Amino acid sequence: MFYLLYLQFADVAKDYPLLNLIQYQTVRVGLAMMTAMIVAVAMGSRFINWMRAKQGKGQPIRDDGPVSHLSKVGTPTMGGLMILAGIGVAVFLWGDLTNPYIWIVSGVTAAFGVLGFIDDYAKVTKQTSAGLTSKQKLVAQTVVAVVAGVLTVLWMTQSPTSPFLETSIAFPFFKNVLLNIGWFYVAFAAFTIIGFSNAVNLTDGLDGLAIVPVMMAAAAFGVISYLVGNFIFSEYLGVHHVPGSGELAIFCAAMIGGGAGFLWYNAPPAKIFMGDTGSLALGGSLGAIAVTTKHELVLGIVGGLFVMEAASVMIQVGYYKLTKKRIFLMAPIHHHFEKLGWPESTVVIRFWIIAAALALAGLATLKLR
């Protein structure tokens, strides 16, 4: 049905130059970004007031956290719904709904968003910082991520790509180097999606800390998606061509727009928190985009800030189990710097700078081959 509608629109657009512009990905990227931002901003105050009324005391604040966080008591959560609404409207209006990669990434984003919503709802109703158990979340994430990995492999198998690309890991800095791991690739893809979803979730602890690096990573992968999906550019850069993946640039643009609209209200002092509704969904979508563009390892560079945050937690837990001592004053690592006396705004802005540098470094891998 969507394909027939698209053909009808394309036929009509031939007679109207302005409508014809909408067929270009670059134009739709801009429109998607603006649409998502407008939707998120428009939801704004009314949505926040409604959430505050429904949630009462808002998101529970950790008792063992920095003292400065106690002033945030009563701030509502689930602000990720604003971002997801913006993304959904923008992708529906400007994305090619016949493109399977759009559906795979959208499915992961929606499923992880629902999981995050359930977790946030449990926290708010129980008034505890512990929502769903880690096992419950991991099982749900695994099911969704494995399905996404299988669908990606099956679709690439039917596409005119490089031999074994669908089950291979591509390496940055090297041309045409692939490690074919067969159907074990599904497990690798699932690990990428789940790992990044949880990494973004761990990073979301300060006002604006997670959303801006997410927008930076989305911008980097918007460029990567466009170049990988274009045969001429991918040949010139020496990266593997994935037909159809260029359409994910529209999804990335929608993430940036929705994130900007949310940041309007999440800027310090935050009027609403993203919550797991947003962090799990956005992290999962970045992981899914990396998988569908065959740039899973580059995601570790582009999203290096999130990797650092997740690693700090694993190091802290592992070291404490072995020695009963802590390396960091508090994990994730952004809390360590707060405990050292850094103002929250200083931590956030310096982490933004790190995220920007890593995003640029990740883009540089496209040429350094």
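This structure is a prediction, so every number in the text was calculated from the model and none was measured.
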Under 4.5 Å between side-chain heavy atoms, counting indirect links through other Ile/Leu/Val/Met/Phe/Trp/Tyr residues: same cluster for I194 and F221 or not?
no
Can you classify the ring geometry of F47 versus W50 as parallel (below 30°), tilted (30 to 60°) or perpendicular (above 60°)?
tilted
Determine whether I193 and V139 fall in the same hydrophobic cluster, where Ile, Leu, Val, Met, Phe, Trp and Tyr are linked whenever their side-chain heavy atoms lie under 4.5 Å apart.
no
Is the shortest heavy-atom distance from the side chain of H240 to the side chain of L178 under 4.5 Å?
yes
For the atom pair CD1 (I87) and OG (S285), what is the distance rounded to the nearest 0.5 Å?
6.0 Å
Scan side-chain atoms only and decide if K367 and Y236 contain a donor-acceptor pair under the 3.5 Å cut-off.
yes
To the nearest 0.5 Å, how far apart are NE2 in H295 and OG1 in T365?
5.5 Å
Check whether any side-chain heavy atom of Y226 sits under 4.5 Å from a side-chain heavy atom of T26, and report yes or no.
yes
Please step through side chain to side chain contact (heavy atoms under 4.5 Å, CB included) for the pair F251 and T109, ending with a clear verdict.
CA-CA 11 Å; F251 193 99; T109 306; 3.4 Å; yes
My understanding is that only residues two or more places apart in sequence, or in another chain, count here; which of them pass ring-ring contact (aromatic ring centres under 6.0 Å, His included) with W342?
F337
Tightest non-hydrogen contact, residues F262 and A40, listed as N-CB, 4.0 Å
Determine, stepwise, if the pair Q141 / N198 fulfils side chain to side chain donor-acceptor pair (under 3.5 Å).
CA-CA 10 Å; Q141 287 175 316; N198 290 323; 3.1 Å; yes
Kindly compute the distance separating NE2 (H334) from CG (L202), expressed to the nearest 0.5 Å.
8.5 Å
Looking only at atom types and distance, does a side-chain atom of H241 sit under 3.5 Å from a main-chain N or O of V228, one as donor and one as acceptor?
yes
Can you tell me if Q316 uses its side chain to pair, donor with acceptor, with the backbone of F328 under 3.5 Å?
yes
What I'd like to find out is whether the side chain of W155 reaches to under 4.5 Å of the side chain of E166, using heavy atoms alone.
no
Closest non-hydrogen contact found for S245 with S225 is O-CB, 3.6 Å
Would you say I48 ends up clustered with M43 if hydrophobic residues are merged whenever their side chains have heavy atoms under 4.5 Å apart, either directly or through other cluster members?
yes
Heavy-atom side-chain contact between L206 and F351 under 4.5 Å:
no
Return the CD1 to CG distance between I104 and L151, rounded to the nearest 0.5 Å.
5.0 Å
Check the side chains of W183 and T167 for a donor-acceptor pair under 3.5 angstrom, ignoring hydrogens and angles.
no
Contact between L237 and L227 at the side-chain level, heavy atoms closer than 4.5 Å - yes or no?
yes
Check step by step if side chain to side chain contact (heavy atoms under 4.5 Å, CB included) holds for L305 and M216.
CA-CA 11 Å; L305 176 70; M216 292 176 181; over 6 Å; no
The test is side chain to side chain contact (heavy atoms under 4.5 Å, CB included); show your working for H336 and M330 and say whether it passes.
CA-CA 5 Å; H336 170 77; M330 186 177 179; 5.5 Å; no
Hey, what do you get for OG1 (T77) to CG (D120), rounding to the nearest 0.5 Å?
4.0 Å
Would K294 pass as a cation-pi partner of Y185, given that its NZ or CZ must be under 6.0 Å from the six-membered ring centre and within 45 degrees of the axis?
yes
Is F233 close to V239 at the side-chain level, that is, under 4.5 Å between some pair of heavy atoms?
no
To the nearest 0.5 Å, atom CG of L179 lies from atom OG of S168 at 7.0 Å
State whether the number of non-hydrogen atoms from other residues, nucleotides or ligands found under 6.0 Å of F191 atom CZ is greater than 12.
no
Determine whether M51 and M78 make a side-chain contact, defined as any pair of heavy atoms from C-beta on separated by less than 4.5 Å.
yes
Minimum heavy-atom separation for V91 to A254, with atom names?
CG2-CB, 4.2 Å
Does the side chain of T293 reach to within under 4.5 Å of the side chain of L248, using non-hydrogen atoms?
yes
Just by distance, with hydrogens left out, do D207 and N266 show a side-chain donor and acceptor under 3.5 Å apart?
no
Verify the neighbour count for atom CE of M34: are there more than 12 heavy atoms of other residues, nucleotides or ligands below 6.0 Å?
no
Between R28 and D96, does any side-chain N to carboxylate O distance fall below 4.0 Å?
no
What one should report as the nearest heavy-atom pair of T292 and M156 is O-CE, 3.2 Å
Does one side chain, of N49 or R46, offer a donor that lies under 3.5 Å from an acceptor on the other?
no
Please lay out, stage by stage, how N201 and D276 fare under the test side chain to side chain contact (heavy atoms under 4.5 Å, CB included).
CA-CA 6 Å; N201 181 238; D276 289 4; 2.6 Å; yes
Restricting to non-hydrogen atoms, name the atom on M255 and the atom on M215 that form the minimum distance, rounded to 0.1 Å.
O-CG, 4.4 Å
Just by modelled atom types, is the A90 backbone N or O under 3.5 Å from a matching donor or acceptor in the T35 side chain?
no
L154 and F164: same hydrophobic cluster, using ILVMFWY side-chain contacts below 4.5 Å?
no
In terms of hydrophobic clustering (I, L, V, M, F, W, Y; side-chain heavy atoms under 4.5 Å; direct or indirect links), are I354 and L360 co-clustered?
no
Over all atoms of both residues, closest heavy-atom pair of V298 and P172:
CG2-CB, 3.8 Å
